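Notes to accompany the following structure.
Read the numbers this way: they start at 1 and go in the same order the structure lists the ligands and their atoms. Counting begins at 1 with the first residue of the sequence. These numbers come from a predicted model, not from an experiment.
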Amino acid sequence: MDQELKVHSDVICTFCGCLCDDIEVEVVDNRISKVKKACMIGRNKLMHAQSNNPDITIAGKPTSLDAAINEAVNILTNARFPLVYGLSSTTTEAQREMVEIAEILNATIDNPSSYCHGPGLMARQQVGLSSCTLGEVKNRADLVIFWGCNPLESHVRHLTRYSVSAKGMFHPEGRKSRKIVSIDIRPTPTTKSSDWFIQVTPGNTFEIATLLRALVANNPIGKGDDALIAGVAVSKWRELAEMIRGCKYGVIFFGLGVTQCRGRDINVEQLAVLVSEINNHTRFYAMAMRGHGNVAGGNQVMTWQTGFPLAVNFSRGYPRYNPGEFSVIGLLARKEVDAALIVATDPGAHLPADTGDHLKNIPVIYLEPHNNPTTEWATVVIPVAQAGVAASGTYYRMDNVPLRVKKIVDSDHLSDEEVLKRIKERITHAQNY
Ligand code: SF4
């Protein structure tokens with residue numbers, strides 16, 4: 001019998017914040033058989049998207065979808081302090097449902113940005129951030145600074161599609177017409193492929209950004225050129241400041257080496273003010289190297305529905321924002337949460353072990369396309385159709401540009417959005433009767 005071959009072009013890989021949208025996927029008889037143009041990580045994710053799916057279970061025992069949803073509703077409506085957590089690897093449509101569920105439960109809702117790029121979001125609330133799109137970077141940037149990030153290993157195609165060797169409108173020669181600088185505490189593949197690697201001592205991001213503000217503005221700094229700031233001579237920082245002032249269009253991509261080292265949000269605040277002041281001399285922007293596919297969308301959805309990007313509590317009937325108090329790690333470390341609905345993240349793999357352990361002692365409802373460390377102990381496991389493979393929807397790229405991800409195969413399971421809608425409807429029904 002002839003097999004049915006379908007070739008899908010311009011498929012979006014939803015694994016990392018690059019959201020590469022030029023992937024080609026061949027599907028034979030509803031099975032993904034070939035993936036072209038993706039990096040090794042994206043290719044593996046797509047090739048294995050249809051395998052290793054969990055069963056629908058309650059306490060490890062197979063059950064029906066209806067029974068699993070009823071049990072989920074029972075757990076959530078009987079909890080005194082439930083947590084709704086995740087959002088980062090699903091569509092904005094599903095994220096919207098999660099926020100609504102958190103609101104009707106008077107629950108707390110958080111996403112993984114509270115322990116990755118959350119400090120950058122808090123900095124934006126204080127001082128804003130001059131930012132741009134990846135398309136502008138590709139077409140215009142002649143100076144790219146990677147600060148505390150290693151995209152050659154974390155966002156593999158970032159350099160070829162957007163920031164380094166991409167050929168743009170004003171840079172038809174790609175790599176040859178760009179200067180690449182890396183600031184990091186240790187050599188990485190990205191620092192090795194840069195024109196200039198500035199190796200700094202750990203925990204000094206705030207000092208470096210402060211010094212660069214003074215040097216870019218030609219203000220006196222009260223130190224000689226031989227003095228060391230973050231282990232690097234002032235003369236070198238002066239050289240970097242001159243390079244920044246001399247470029248036509250520059251951008252800083254900052255990673256967890258900036259947001260999660262000593263200083264956290266004030267590091268990003270100082271970096272954002274630096275970028276803003278550089279614009280007195282030339283065009284300059286900054287962008288966070290967002291990790292999971294739609295973690296940026298999670299912040300967008302939470303902000304447009306609650307006013308805040310993360311760590312929101314509804315227990316008083318209106319949204320209250322307080323990172324630390326309402327962040328997932330703090331809530332679990334203090335053992336305040338007595339039930340959790342977790343979607344599109346893997347706390348068993350990502351959270352610190354002693355923090356995540358509290359989740360094993362409370363009822364957890366878990367929506368997830370694949371078996372992973374969390375499916376091993378979650379109380380209610382509901383397999384879902386993977387977004388971007390078996391479900392369509394909207395994802396936000398790291399530059400906050402929304403893209404529509406496609407459904408390229410059929411699945412036996414519902415999408416996150418559909419399961420969450422059913423849970424929401426039954427919670428509303430249970431609360432009314
Ligand atoms: S760089 Fe990221 S989005 Fe692009 S193919 Fe690789 S994993 Fe997927």
Side-chain angles (χ1 to χ4, degrees), residues 7-27 32-52 87-92 112-113 116-117 133-135 137-138 141 144 146 149-168 174-175 180 182 188-190 193-194 251 253-256 287-300 344-346 349-350 369-370 372 386-409:
V7 180
H8 298 268
S9 55
D10 300 334
V11 173
I12 295 177
C13 169
T14 56
F15 181 69
C16 84
C18 286
L19 291 189
C20 298
D21 57 2
D22 59 345
I23 312 297
E24 203 171 292
V25 180
E26 286 186 15
V27 176
I32 293 174
S33 58
K34 199 178 271 182
V35 175
K36 293 181 188 164
K37 297 188 185 170
C39 69
M40 192 72 89
I41 305 170
R43 186 180 167 280
N44 277 340
K45 286 283 167 191
L46 282 162
M47 287 300 290
H48 296 117
Q50 292 169 285
S51 55
N52 196 25
L87 297 87
S88 57
S89 296
T90 190
T91 60
T92 56
S113 66
C116 59
H117 276 283
T133 66
L134 289 170
V137 172
K138 172 183 169 175
V144 176
F146 293 113
C149 58
N150 175 18
L152 258 183
E153 288 188 316
S154 60
H155 300 72
V156 181
R157 295 183 77 215
H158 191 281
L159 289 81
T160 50
R161 271 177 62 79
Y162 308 116
S163 56
V164 176
S165 52
K167 292 182 176 160
R175 177 71 177 88
I180 310 298
S182 283
T188 68
T190 305
S193 70
S194 302
V251 60
F253 288 103
F254 59 95
L256 301 192
M287 193 184 301
M289 292 291 283
R290 304 307 303 269
H292 294 144
N294 200 21
V295 70
N299 299 132
Q300 293 279 348
T345 189
D346 180 5
H350 300 158
H370 301 108
N372 63 24
Q386 185 174 333
V389 174
S392 58
T394 307
Y395 267 56
Y396 278 74
R397 206 167 58 184
M398 64 165 68
D399 53 356
N400 289 311
V401 170
L403 299 171
R404 187 81 187 161
V405 303
K406 299 184 199 180
K407 171 182 169 172
I408 52 174
V409 294

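Protein N, O or S atom count below 2.8 Å of atom 4 (Fe) of ligand 1: the structure gives 1.
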Show me the side-chain donor-acceptor pairs of residues 151-160 shorter than 3.5 Å, one per line, residues at least two apart or across chains.
residue, atom, partner, partner atom, Å
Glu153, OE1, Asn150, ND2, 2.7
Ser154, OG, Asn150, O, 3.2
His155, NE2, Arg290, O, 2.7
Arg157, NE, Lys37, O, 3.1
Arg157, NH1, Asp22, OD1, 2.9
Arg157, NH1, Lys37, O, 3.4
Arg157, NH2, Asp22, OD2, 2.8
Arg157, NH2, Lys37, O, 3.4
His158, ND1, Ser163, OG, 2.9
Thr160, OG1, Arg157, O, 3.2

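The side-chain hydrogen bond (donor to acceptor under 3.5 Å, both in side chains) pairs that include a residue from residues 393-407 are Glu93-Thr394, Glu93-Arg404, Gln300-Asn400, Thr394-Arg404, Arg397-Asp399, Lys407-Asp410, where partners are two or more places apart or lie in different chains. Pairs passing the side-chain hydrogen bond (donor to acceptor under 3.5 Å, both in side chains) check and including a residue from residues 41-51, sequence neighbours excluded, do not occur.
Side chains of Leu87 and Thr345 form no contact here, defined as non-hydrogen atoms less than 4.5 Å apart. The side-chain heavy atoms of Phe253 and Leu134, taken from C-beta on, include a pair separated by under 4.5 Å.
Asn294 places a side-chain N or O within 3.5 Å of a backbone atom of Thr90 that can act as its donor or acceptor partner.
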